[in-house]
Number of protein chains: 2
Amino acid sequence: MTELRAEWTGKRLELIETAGPLFANSGIDGVSIREIAEKSNVNIASINYYFGSKENLYIEALRYVAWQVRCPLAQKILQDKDIDYSTKKHCISIIKKLIEERVQNYLSDKYPMWYSRLLLRSLIEPPAKFENVLFHTFIPEFNALVEILMKCNPRNTIEKCKFWAFSILGEISFYVFAEPGIKLAINITEKYTQEFLSQLQKHITSLILKGLDLREG
Amino acid sequence: MTELRAEWTGKRLELIETAGPLFANSGIDGVSIREIAEKSNVNIASINYYFGSKENLYIEALRYVAWQVRCPLAQKILQDKDIDYSTKKHCISIIKKLIEERVQNYLSDKYPMWYSRLLLRSLIEPPAKFENVLFHTFIPEFNALVEILMKCNPRNTIEKCKFWAFSILGEISFYVFAEPGIKLAINITEKYTQEFLSQLQKHITSLILKGLDLREG
DNA sequence: CAAATATTAAAACAATCGTTTGATTTAAAC
DNA sequence: GTTTAAATCAAACGATTGTTTTAATATTTG
């Protein structure tokens, strides 16, 4: 666990942690600063005092969760010059870890569920101001993912590897953004159990590895 | 193409078609009835006159798109008693069609993109009132999908087949709800081309069939 | 302690929200 | 042609929105 940035401390952090889940559930327009102030036990003026505006608070909350649940494993792996991508075993191990990281950071109780919900919400409704956050989190991780997939399967074109990267991201993201619908479908009301997530991780890993012709053994 | 319902005609239809894309992009709270009235060239009072309230207009728009882009193929297939699920060929053909139907209805220019965007938005933010729409569209289609997957692969448990169904839905849905982020990642500004969608459909079909051990030949 | 700064508080700001009213116009029915 | 209903309109409703102001209170600094 890395340190939080200095900007995410004290009252600022409190406000982010209070407003965040509200934003994640109802969007920026679905939450009033009075509701945030009330639940956070601060005066309404504090929001503008600490963040300048409601929109800035939203953007800060977005930057905060993007930092928390970021998945830098792919970039780290790419820096390792000792990896031999010609052996199936290594490639399988890498892809397994890449999927595990995202299931852990997006879906497990390592972080509150609203972290990933707020992050993914910025994917569906990206006002101009949010693109900056996306550009520094989602895009680099995506590009690293594509690069690794290229090395694991050099015969594939970059276009095909982008499809594979989107498959990995999509499979996991679906359980975040469609969470209410999914729980309706499988008839549960509580949060995903660890057992469920373990099975899900296995399922996605198997699906992707098979697709990439990287079946073990 | 089936007929539209009587409730979706005239001024009501006009209002739905005007408000729909706004709702899909910004959510119910991100659009004002004055903006809708202005773009629709009607008086503000018309919205309450025709729908009773803004929320009802939103729900009607949701019911409208859910009806339009619904994917009833799975239910239809299940009614056909002549299908032999023990032959790989039939199973492959069925799953291909199921994926094609969703890519067509959700992503192609068969329908405006905001249809599927609004529908999927109801998955991420389902107020109590929207659950009703979900329950009559998303859930039955999902259940039928699971049932077909069970018949294609009787050795699988129902839990595993649910994962497979979610995989199919998730792979395609990702390109709807994360559309802005995806276009940022692959650096395009226009809508998905037919060529891109054709490749995407091939990719998802191959991915799912391989995962289900239904590789052709 | 005194001065300067940072934080909190209540109140009011203008603007916008969804909705309603009541009058007027259009269309349909007899 | 008269009557009845449907549709449209401008205007105003009270409530709520995000933000600002101004004063009071902590906190920190010298």
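Within every chain, numbering begins at 1; the chains are lettered A, B, ... in the order of the sequence lines, protein sequences first and strands thereafter.
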Within 45° cone and under 6.0 Å: A/K183 NZ/CZ vs A/Y175 ring: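 Cation-pi check for A/K183 and A/Y175: fails.
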
Does B/W114 have B/R117 sitting over its ring (NZ/CZ under 6.0 Å from centre, angle to axis within 45°)?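 Verdict for B/W114: no cation-pi partner in B/R117.
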
Under 4.0 Å, heavy atom to any atom of DNA chain D: which of residues 15-22 of chain B qualify?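 Heavy-atom contacts with DNA chain D come from no residue of residues 15-22 of chain B; none.
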
Strand contacts (DNA chain D) in residues 25-44 of chain A, 4.0 angstrom heavy-atom criterion: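 Contacting residues: A/V31, A/S32, A/I33, A/R34, A/I44.
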
Mind calculating the distance between [atom1] ([X]) and [atom2] ([N]) to the nearest angstrom?
X	N	atom1	atom2	value
A/N56	D/dG18	CG	P	14 Å
A/I47	C/dT8	CD1	C1'	13 Å
B/Y58	C/dC17	OH	C1'	18 Å
A/F51	C/dT8	CZ	P	12 Å
B/K11	D/dA7	NZ	P	9 Å
A/N48	C/dA9	CG	C1'	14 Å
A/Y49	D/dA24	OH	P	18 Å

Give a yes or no on this: more than 12 heavy atoms of other residues, nucleotides or ligands lie within 6.0 Å of atom NZ of B/K151.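 Above 12, so yes.
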
Heavy atoms of other groups near A/D80 CG, more than 12 under 6.0 Å: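 Atom CG in A/D80 is packed in, count exceeds 12.
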
Between B/E101 and B/K76, does at least one N-O distance fall below 4.0 Å, as a salt bridge requires?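 No salt bridge links B/E101 with B/K76.
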
Identify whether the distance between the nearest side-chain nitrogen and carboxylate oxygen of B/K11 and B/E14 falls below 4.0 Å.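 A salt bridge is absent here (no side-chain N lies under 4.0 Å from a carboxylate O).
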
Is a side-chain donor-acceptor pair under 3.5 Å present for B/Q75 with B/Q79?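 B/Q79 vs B/Q75: no donor-acceptor pair found between side chains.
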
With no hydrogens and no angle check, just 3.5 Å: does a side-chain donor-acceptor pair link A/E17 and A/Y64?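 Note: A/E17 and A/Y64 side chains meet the donor-acceptor criterion.
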
Quick one: label A/Y50 by what it contacts on the DNA or RNA (base, sugar-phosphate, nothing), any heavy atom closer than 4.0 Å.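 A/Y50: backbone/sugar contact only, no base atoms under 4.0 Å.
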
Specify whether B/H203 and A/W164 have parallel, tilted or perpendicular ring planes, treating 30° as the upper limit for parallel and 60° as the lower limit for perpendicular.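 Answer is perpendicular, since the angle exceeds 60°.
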
Side-chain contact test, heavy atoms from C-beta onward, threshold under 4.5 Å: evaluate it for A/Y50 versus A/V42 and give yes or no.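 Counting from C-beta outward, A/Y50 and A/V42 never come under 4.5 Å.
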
At how many degrees, to 10°, do the end axes of the helix from C/dA3-D/dT28 to C/dC30-D/dG1 meet when each uses five pairs?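 Nearest ten degrees gives 10° for this helix.
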
Of the candidate nucleotides D/dT19, D/dC9, C/dT19, which contains the atom at the shortest distance from the side chain of B/A45?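 Nucleotide nearest to B/A45's side chain: D/dC9.
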
Backbone N or O of B/L212 within a donor-acceptor pair of the B/N153 side chain at under 3.5 Å?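 Such a contact is found between B/N153 side chain and B/L212 backbone.
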
